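Next up is a structure, given as C-alpha cells.
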Amino acid sequence: MIVIEKQENSRRDVRIEIQRINEVVSFPPVVAEILQAMSDADVTMAKVTSIIESDPALTAKILRVANSPFYGLRRDVTNIAQALRMLGLDEIGHLLLTCQMKSRLMSLNSHQHIRLEQLWKHSVAVAAVSRLLATRFRIPTDGKEYTAGLLHDMGKLVLIQYFPEQYVSIESMITQESISDIDAEQRVISISHTEIGKQIGEKWRLPKEYLEVMQYHHRPSLSSNHSLLCGVVRCADLFCEQWGFGMGEQKEDFTFDNEAAGIILDAVPQMGKLPAETVNGELRAAFEQQFEHLQVLM
Ligand SMILES: [Fe+2]
Ligand SMILES: [Fe+2]
C-alpha cells in the first residue's frame, strides 16, 4: 500500500515536472511552420522558399547538403528555389526538419551531450531506415515515415535532459535485468518515454499521425488510425538497434513474428515472400550505402 502510494506520488511529481518542462523544450517555431506547410496540399514553392530564406544559416546548410555527392546533381545548387526544383518539396522538407531539430537538440545546455548525440544519431537512422523500408516494399505510409522516425523517441529527450540520474538507472536496469526500456522507465520513474513523447508532441501541436507514433511505436496495434506507420517505424527501430544505432534497448532478431512486422505483412504480404534475414540484409546494405550522406545529418 505504502509502495503504491509512493509510486503514485512520484508519478504525480513527474507529471508536474513534465508540464513545466514542456515549456522549456520548445519545438523550433520554423519547424512547426514547415510541417504545417508540408501537410497543406496547396503550399507553394514560394512560401517554402521564403520560410527557409528567412534564416541564412539554415539556407547555407540546406545548400551544402543539396550539393553533397549523395544526390549526384550535375549542376551546383546555388539557391533555395533551385534546390526545391531539383530535389522536390518533400526532400527539402525532410532536410530542413532534420537540420533544425539537430541544432535545437545540440544547443541544449546539457551535461548529457553524449546521450543526446546518441539519441540524435538513432533518430536520423530510424528515419532513414523507415523510408528505405517503406520504399522497398511500397508500404502505403504516405511519405510520413521519415518524419515519424525522426520524432518517435523524443520522449527520451526529456528523460535524458531533465532526469539524467534516473536515465542512468534506467540504462543499467535494462542491461542488468534484461528488461525492455519501457519496463525499466516505469519502474524507475513511473512513466514511459512513449507517454512523455505523447505529451510533448501535443504541446508541440504535431499532426495526429506523429503523436500516435510517439505514443504507440512499441505497441503499434494499439494505434487507432496509424498502426501501419507505427509498425514501419518500430521495425526500423529494431533494425537500428541491431546495427549499432540503437538507444540501449534489448537487441531482438528481426522475425516476422513480431507485432510490428505482422502489421506490415497484413498490408503488404509480398514482404513475407522473402526470408526475414534477407529483408534485414537488403535493408542493411541500402542503409550502409546512404551512410556517408546520413553522417552529414548526424
Ligand atoms: Fe522508443
Ligand atoms: Fe527508438
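The first residue in the sequence is number 1, and the count goes up from there. Just so we're clear, the structure is a prediction, and the values are computed from it rather than from any experiment. Excluded from the calculations below are hydrogen atoms, water molecules and symmetry mates; all remaining heavy atoms, backbone and side chain alike, are included.
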(request) Flag yes if more than 12 heavy atoms outside E292 fall under 6.0 Å of its CD atom; otherwise flag no. (result) no
(message) Between L157 and V233, is there shared hydrophobic-cluster membership here, with clusters defined by ILVMFWY side-chain heavy atoms closer than 4.5 Å?
(response) no
(request) Return the minimal non-hydrogen interatomic distance between I191 and E185, and the atom names on each side. (result) O-CB, 3.5 Å
(message) The test is side chain to side chain contact (heavy atoms under 4.5 Å, CB included); show your working for L228 and D266 and say whether it passes.
(response) CA-CA 9 Å; L228 185 57; D266 281 347; over 6 Å; no
(request) Look only at the side chain of N67 and the backbone of V77, and say whether a donor-acceptor pair between them is shorter than 3.5 Å. (result) yes
(message) In this structure, would V126 and I264 fall into the same cluster of hydrophobic residues linked by side-chain contacts under 4.5 Å?
(response) no
(message) Whether the side chain of S223 engages the backbone of P220 through a donor-acceptor N/O pair (distance < 3.5 Å, no angle test) should be reported.
(response) no
(request) Check step by step if side chain to side chain contact (heavy atoms under 4.5 Å, CB included) holds for L229 and E145. (result) CA-CA 6 Å; L229 187 61; E145 66 288 340; 4.1 Å; yes
(message) Check for me, please, whether L150 and I196 land in the same ILVMFWY cluster - side-chain distances under 4.5 Å, paths through other members count.
(response) yes
(message) Can you tell whether the side chains of E259 and R234 come within less than 4.0 Å, N to carboxylate O?
(response) no
(message) Taking E241's backbone N and O only, do any of them form a donor-acceptor pair with E249's side chain (distance below 3.5 Å, no angle check)?
(response) no
(message) Using the rule that Ile, Leu, Val, Met, Phe, Trp and Tyr join whenever any side-chain heavy atoms are under 4.5 Å apart, tell me whether V124 and V232 fall into a single cluster.
(response) yes
(message) Is there a side-chain contact between H152 and H122 in this structure, where contact means two heavy atoms from C-beta onward sitting under 4.5 Å apart?
(response) yes
(request) For W120 and L297, indicate whether the former's side chain and the latter's backbone hold a donor-acceptor pair under 3.5 Å. (result) yes
(message) Are the side chains of P275 and T278 in contact, using a 4.5 Å heavy-atom criterion?
(response) yes
(request) Please check if any side-chain donor atom of Q250 sits under 3.5 Å from a side-chain acceptor atom of D181, or the reverse. (result) no
(message) How close do A134 and T141 get, counting heavy atoms only, and between which atoms?
(response) CB-OG1, 3.6 Å
(message) Tell me if a side-chain donor or acceptor on E282 pairs with a main-chain N or O of R136 at a distance below 3.5 Å.
(response) no
(message) Tell me whether V188 shares a hydrophobic cluster with Y167, the cluster being built from Ile, Leu, Val, Met, Phe, Trp, Tyr side chains joined at under 4.5 Å.
(response) yes
(request) Ignoring hydrogens and angles, tell me if any N or O in the side chain of D153 forms a donor-acceptor pair with the backbone of K156 under 3.5 Å. (result) no
(request) Measure across G272 and L265 and return the closest heavy-atom pair with its distance rounded to 0.1 Å. (result) N-CD2, 3.3 Å
(request) Please work out which of the three classes, parallel, tilted or perpendicular, describes the rings of W243 and F287, given edges at 30° and 60°. (result) tilted
(request) Drop me the distance from Q186's CD to I179's CD1, to the nearest 0.5 angstrom. (result) 10.5 Å
(request) Give the minimum heavy-atom separation between C235 and L133, together with the two atoms involved. (result) CB-CD2, 3.8 Å
(request) Taking S68 for its side chain and R64 for its backbone only, find out whether a donor-acceptor pair lies under 3.5 Å. (result) no
(request) Would you check if the side chain of T255 reaches a backbone N or O of D257 as a donor-acceptor pair within less than 3.5 Å? (result) yes
(message) Less than 4.5 Å apart, side chain to side chain, heavy atoms only: is that true for T78 and Q82?
(response) yes
(message) What's the separation between atom CG in L58 and atom CD1 in I52, rounded to the nearest 0.5 Å?
(response) 6.5 Å
(request) Using a strict cut-off of less than 4.0 Å between a Lys/Arg side-chain nitrogen and an Asp/Glu carboxylate oxygen, indicate whether K102 and E117 qualify as a salt bridge. (result) no
(request) Measure the spacing between CG of L87 and CZ of R85 and express it to the nearest 0.5 Å. (result) 11.0 Å
(request) Would you check if Q161 and L116 make a side-chain contact, meaning some heavy-atom pair closer than 4.5 Å? (result) yes
(message) How about CD on E165, more than 12 heavy atoms from neighbouring residues, nucleotides or ligands closer than 6.0 Å, or not?
(response) no
(request) Report yes if the side chains of E53 and S50 come closer than 4.5 Å at any heavy-atom pair, otherwise no. (result) no
(message) Using side chain to side chain contact (heavy atoms under 4.5 Å, CB included), reason through L132 and F137 one step at a time and then give a plain yes or no.
(response) CA-CA 9 Å; L132 286 169; F137 295 103; over 6 Å; no
(message) To the closest 0.5 Å, what do you measure between CG (L206) and CE (M154)?
(response) 10.5 Å
(request) Identify the heavy atoms of Q242 and D253 that sit nearest to each other, and give their distance. (result) NE2-CA, 3.2 Å
(request) Determine, stepwise, if the pair F291 / F245 fulfils ring-ring contact (aromatic ring centres under 6.0 Å, His included). (result) CA-CA 12 Å; F291 194 63; F245 287 88; 5.5 Å; yes
(message) According to ring pair (Phe, Tyr, Trp, His ring centres under 6.0 Å), who are the partners of Y146, at least two apart in sequence or on a separate chain?
(response) H94
(request) Check I182 against S192 and note the closest heavy-atom contact, atom names and distance. (result) CG2-CB, 4.0 Å
(message) Test your reading of the model: is there a side-chain donor-acceptor pair from D142 to the backbone of K144, 3.5 Å cut-off?
(response) no
(request) Give the other cluster members for Y216, using side-chain heavy-atom distances under 4.5 Å between Ile, Leu, Val, Met, Phe, Trp and Tyr residues; answer none if it is isolated. (result) L222
(message) Does H226 form a side chain to side chain donor-acceptor pair (under 3.5 Å) with E209? I'd like the steps, not just the answer.
(response) CA-CA 6 Å; H226 301 283; E209 59 271 30; 4.6 Å; no
(request) Taking the side chain as every heavy atom from C-beta outward, state whether S221 and I263 have any atom pair closer than 4.5 Å. (result) yes
(request) Could you tell me whether E212 and K198 make a salt bridge, using a distance below 4.0 angstrom between a side-chain N and a carboxylate O? (result) no
(request) Find out whether M247 and I160 are in side-chain contact, i.e. whether some heavy atom of one side chain is under 4.5 Å from a heavy atom of the other. (result) yes
(message) Checking Y71 against E91 for the side chain to side chain donor-acceptor pair (under 3.5 Å) test, could you report, in this order, the C-alpha distance in whole Å, the side-chain angles of both residues, the deciding distance, and whether it holds?
(response) CA-CA 11 Å; Y71 293 111; E91 190 62 31; 2.6 Å; yes
(message) Can you tell me how the ring of H193 sits relative to the ring of H217, calling it parallel under 30°, perpendicular over 60° and tilted otherwise?
(response) tilted
(message) Set out, in order, the CA-CA distance, both residues' side-chain angles and the distance that settles side chain to side chain contact (heavy atoms under 4.5 Å, CB included) for V168 and R115, then state yes or no.
(response) CA-CA 10 Å; V168 172; R115 288 195 171 83; 3.8 Å; yes
(request) Using modelled atom types only, decide if a donor and an acceptor are shared between the side chain of S178 and the backbone of I174 within a distance under 3.5 Å. (result) no
(message) Quick one, L97 and L151 - any side-chain contact, counting heavy atoms below 4.5 Å?
(response) no
